[in-house]
There are 2 protein chains.
Amino acid sequence: MACALHRTTARILEILEKVASFTQGITLSELSRVLDIPKSSLHPLVCTLAEKKYLIYNNVEERYYIGEKLFILGNRYLSNSDILERIKSVLLEVNEKTKETLYFGVLSDCDVLYLEKAELHSKFRVVSNPGNKLPAYATGYGKAILSQFSPEEIQEMYPIKDLAPYTKHTVKTVDGLNEQLESIRTCGFSYEIEESTIGIRCVAVPIKVQNRILAGVSLAVPVFRYNKEREELFKQLLTDAKAKIEKIIAEDRRNWIYS
Amino acid sequence: MACALHRTTARILEILEKVASFTQGITLSELSRVLDIPKSSLHPLVCTLAEKKYLIYNNVEERYYIGEKLFILGNRYLSNSDILERIKSVLLEVNEKTKETLYFGVLSDCDVLYLEKAELHSKFRVVSNPGNKLPAYATGYGKAILSQFSPEEIQEMYPIKDLAPYTKHTVKTVDGLNEQLESIRTCGFSYEIEESTIGIRCVAVPIKVQNRILAGVSLAVPVFRYNKEREELFKQLLTDAKAKIEKIIAEDRRNWIYS
DNA sequence: GAACGTTGTTCGTATATAGGAACATGAAGG
DNA sequence: CCTTCATGTTCCTATATACGAACAACGTTC
């Protein structure tokens with residue numbers, strides 16, 4: 001796939017992303033400034049985006065918001081493949097047995113992207129929701145996914161020595177991260193103690209396909225419901241879920257290894 | 001908002017939508033044919049879309065799939081506004097009391113768009129999922145939303161006399177639909193009996209803001225769990241939920257009426 | 001193995017679009 | 001009331017992009 005980048009296309013995507021990042025909406029002029037694109041160039045673009053409902057233009061406050069069409073298309077990403085549906089049912093099984101929250105996600109650049117979540121309706125704080133990203137090094141299954149990379153590759157991914165701390169328990173250095181990854185490689189499990197969310201611990205496993213780690217499954221538990229016996233149960237259920245999910249992905253006709 | 005449409009922007013959106021509609025992926029040439037756009041014009045566009053992860057290009061099968069970025073942006077549509085979060089918690093309350101599935105959605109063109117859903121993990125067939133669209137006339141809360149329009153306006157929305165049947169119980173004519181809408185206007189509730197999904201009945205209420213119906217809430221029940229006593233409970237809970245949701249939306253600073 | 005199909009890719013120019021400058025509008029400030 | 005600072009909108013042309021045609025690389029078919 002040879003790649004001739006296209007300025008206008010890149011701009012449209014920038015517009016969508018920028019508007020989405022402004023929760024309270026953004027005016028045309030403001031958008032022109034932050035993207036460094038002339039207003040007159042932006043104008044027909046945002047008009048078309050609004051016309052097609054990718055953006056919403058609020059006339060009275062003269063601000064653009066993200067539109068419903070992105071929501072509709074975005075959800076196709078999951079519903080197009082029944083794989084994720086089946087993966088979710090595996091998560092639900094574990095959820096029923098443990099009453100704890102399960103996550104399934106993949107690596108997306110240096111972050112981890114939540115795809116599916118299985119939880120009971122709880123009043124507790126949530127770690128995250130599908131569609132969100134968190135730094136891979138700050139999450140249990142993020143580290144599980146990272147564990148496929150050598151210390152050198154990790155160094156490349158994080159050129160700066162110090163990792164931005166997500167909570168006060170987040171691993172702070174690349175060296176520290178590499179130590180943890182080594183331990184994951186030997187025992188097969190990844191642990192996280194309040195590194196992404198205060199009050200929450202995680203146990204996670206990597207999901208391998210064709211000997212490459214593509215995804216991870218994590219079980220998140222409030223610290224006060226965590227103990228050694230339950231940890232054993234979690235690990236057993238996760239090992240079971242891991243096998244099922246790897247089977248689901250392996251059976252799929254679609255090629256998961258692309259470059 | 002004056003509108004000068006932009007061809008390239010419209011094309012990019014067409015590409016995204018078309019690729020999303022092909023579950024099993026689509027090749028560049030195929031895309032060129034269905035969109036009637038030259039391959040050479042498409043090429044830099046899809047390259048950029050793939051580069052930015054709005055599409056995924058599978059090298060080995062030479063097919064484009066919908067990418068993760070759309071999923072990420074799409075979910076912002078919901079999470080950007082805490083309104084929907086709060087609306088969902090209202091749905092969850094009703095769900096806990098009834099153990100039945102709740103939907104919240106809005107009108108999108110002539111269809112109804114599911115935004116939120118509250119359900120127990122059940123083995124039952126699902127009516128739909130957030131992000132999906134169904135014909136408004138085939139669903140309980142779709143008809144609740146439609147009930148704000150006069151028979152003349154409905155005629156305009158559905159120029160053809162016969163409505164495409166979704167199931168064998170779907171209302172078949174515009175006149176029949178108008179009769180149902182009249183009854184909704186008088187009693188305040190909308191009923192659906194296996195019109196969108198065989199085996200499922202719905203009771204729904206319209207959500208009014210500034211005297212305009214903007215959305216609807218629906219409670220979906222398997223037919224065998226439906227009876228007159230429960231219907232009374234459903235109607236009472238829905239009336240309660242309706243008031244809460246209308247209050248949530250009314251308190252919001254954001255203008256929900258834009259044109 | 002030659003002929004035809006498919007795929008993606010490249011190139012040059014005809015054409016559509018980008019963007020500076022100017023304009024219309026309204027709100028805030030002196 | 002005039003000025004200043006926002007907003008969105010329009011116009012014209014320099015410029016970037018679209019697209020036909022030709023190409024390369026595979027797979028099938030006869």
Side-chain angles (χ1 to χ4, degrees), chain A residues 1-19 22 24-67 253-255 257-259, chain B residues 1-16 18-19 22-67 253-255 257-259:
Chain A
M1 179 183 62
C3 247
L5 280 203
H6 185 102
R7 190 179 57 158
T8 310
T9 305
R11 282 185 168 183
I12 289 167
L13 305 183
E14 281 182 78
I15 293 171
L16 293 177
E17 291 174 30
K18 197 50 92 174
V19 172
F22 280 78
Q24 27 16 342
I26 185 168
T27 64
L28 176 64
S29 305
E30 221 175 327
L31 197 60
S32 162
R33 262 179 276 114
V34 295
L35 291 179
D36 199 32
I37 300 175
K39 279 192 296 179
S40 54
S41 306
L42 235 35
H43 190 255
L45 305 188
V46 292
C47 276
T48 308
L49 289 172
E51 172 75 21
K52 308 280 185 188
K53 302 206 174 176
Y54 283 76
L55 296 180
I56 297 168
Y57 186 64
N58 185 316
N59 261 325
V60 304
E61 43 175 42
E62 296 187 320
R63 298 182 95 80
Y64 286 94
Y65 294 86
I66 186 171
R253 84 223 167 305
R254 182 160 147 192
N255 226 315
I257 319 277
Y258 33 72
S259 62
Chain B
M1 181 183 62
C3 249
L5 280 201
H6 185 103
R7 189 179 57 157
T8 310
T9 305
R11 281 185 170 183
I12 289 166
L13 305 183
E14 280 183 80
I15 293 171
L16 293 177
K18 196 51 90 175
V19 173
F22 280 77
T23 311
Q24 20 28 331
I26 184 168
T27 65
L28 176 64
S29 305
E30 220 175 328
L31 197 59
S32 162
R33 262 180 275 113
V34 294
L35 292 180
D36 199 31
I37 300 175
K39 279 193 296 180
S40 54
S41 307
L42 236 36
H43 191 255
L45 306 187
V46 293
C47 276
T48 309
L49 289 172
E51 172 75 20
K52 308 280 183 187
K53 302 205 174 178
Y54 284 75
L55 297 180
I56 298 168
Y57 185 65
N58 186 317
N59 260 325
V60 305
E61 41 175 42
E62 296 187 320
R63 299 182 96 80
Y64 285 94
Y65 293 88
I66 186 171
R253 85 226 166 305
R254 182 161 148 192
N255 227 314
I257 319 277
Y258 33 71
S259 61

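Each chain gets a letter, A, B and so on, in the order its sequence line appears, and its residues count up from 1.
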Its contact letters, B for base, S for sugar-phosphate only and - for none at protein heavy atoms under 4.0 Å, make nucleotides 22-27 of chain C read ------
Using whole Å, report how far CD of Glu30(A) lies from P of dA6(D). 12 Å
Residues in side chain to side chain contact (heavy atoms under 4.5 Å, CB included) with Lys39(B), at least two apart? Ser29(B), Ser32(B)
Using the side chain to side chain contact (heavy atoms under 4.5 Å, CB included) criterion, which residues pair with Arg7(A)? Sequence neighbours excluded. Arg11(A)
Can you check the Leu31(B) CG to dT6(C) P distance for me, whole Å? 16 Å
Gap between atoms NE2 and C1', on His43(A) and dT9(D) respectively (whole Å): 6 Å
Who are the salt bridge (charged side-chain N to carboxylate O under 4.0 Å, His left out) partners of Glu30(A), not counting sequence neighbours? Arg63(A)
Whole Å only: how far is the CG atom of Asn59(A) from the P atom of dT9(D)? 9 Å
Without decimals, in angstroms, what is the distance between Ile26(B) CD1 and dT6(C) C1'? 15 Å
Sequence neighbours excluded, the answer for side chain to side chain contact (heavy atoms under 4.5 Å, CB included) partners of Leu35(A) is Glu14(A), Ile15(A), Lys18(A), Leu31(A), Ile37(A)
Does a side-chain heavy-atom distance below 4.5 Å link Leu13(A) with Leu49(B)? yes
All N/O pairs under 3.5 Å across the protein-nucleotides 17-20 of chain C interface:
residue : atom : partner  : partner atom : Å
dT17(C) : OP1  : Arg7(B)  : NE           : 3.2
dA18(C) : OP1  : Thr8(A)  : OG1          : 3.4
dA18(C) : OP1  : His6(B)  : NE2          : 3.4
dA18(C) : O3'  : Arg7(A)  : NH2          : 3.2
dG19(C) : OP1  : Arg7(A)  : NH1          : 2.9
dG19(C) : OP1  : Arg11(A) : NH2          : 2.9
dG19(C) : OP2  : Arg11(A) : NH1          : 2.4
dG19(C) : OP2  : Arg11(A) : NH2          : 3.1
dG19(C) : OP2  : Ser41(A) : OG           : 2.8
dG19(C) : O5'  : Ser41(A) : OG           : 3.4
dG19(C) : N7   : Ser40(A) : OG           : 3.4
dG20(C) : N7   : Ser40(A) : OG           : 3.2
dG20(C) : O6   : Ser40(A) : OG           : 3.1

Measure from CZ on Arg33(B) to C1' on dT7(C) and round the result to the nearest Å. 10 Å
pair Ile66(A)-Leu16(A): side-chain heavy atoms closer than 4.5 Å: no
More than 12 non-hydrogen atoms from neighbouring residues, nucleotides or ligands closer than 6.0 Å to NZ on Lys53(A), yes or no? yes
Heavy-atom donor-acceptor pair, Thr48(B) side chain to His6(A) backbone, under 3.5 Å: yes
Leu28(B) CG to dA24(D) P, straight-line distance once rounded to whole Å: 19 Å
Thr27(B) vs dT6(C): side-chain N/O to OP1/OP2 distance below 4.0 Å: no
Nearest 0.5 Å, what's the CZ-CD1 distance between Arg33(A) and Ile26(A)? 8.5 Å
Please give, in whole Å, the distance from dT7(D) P to Glu62(A) CD? 9 Å
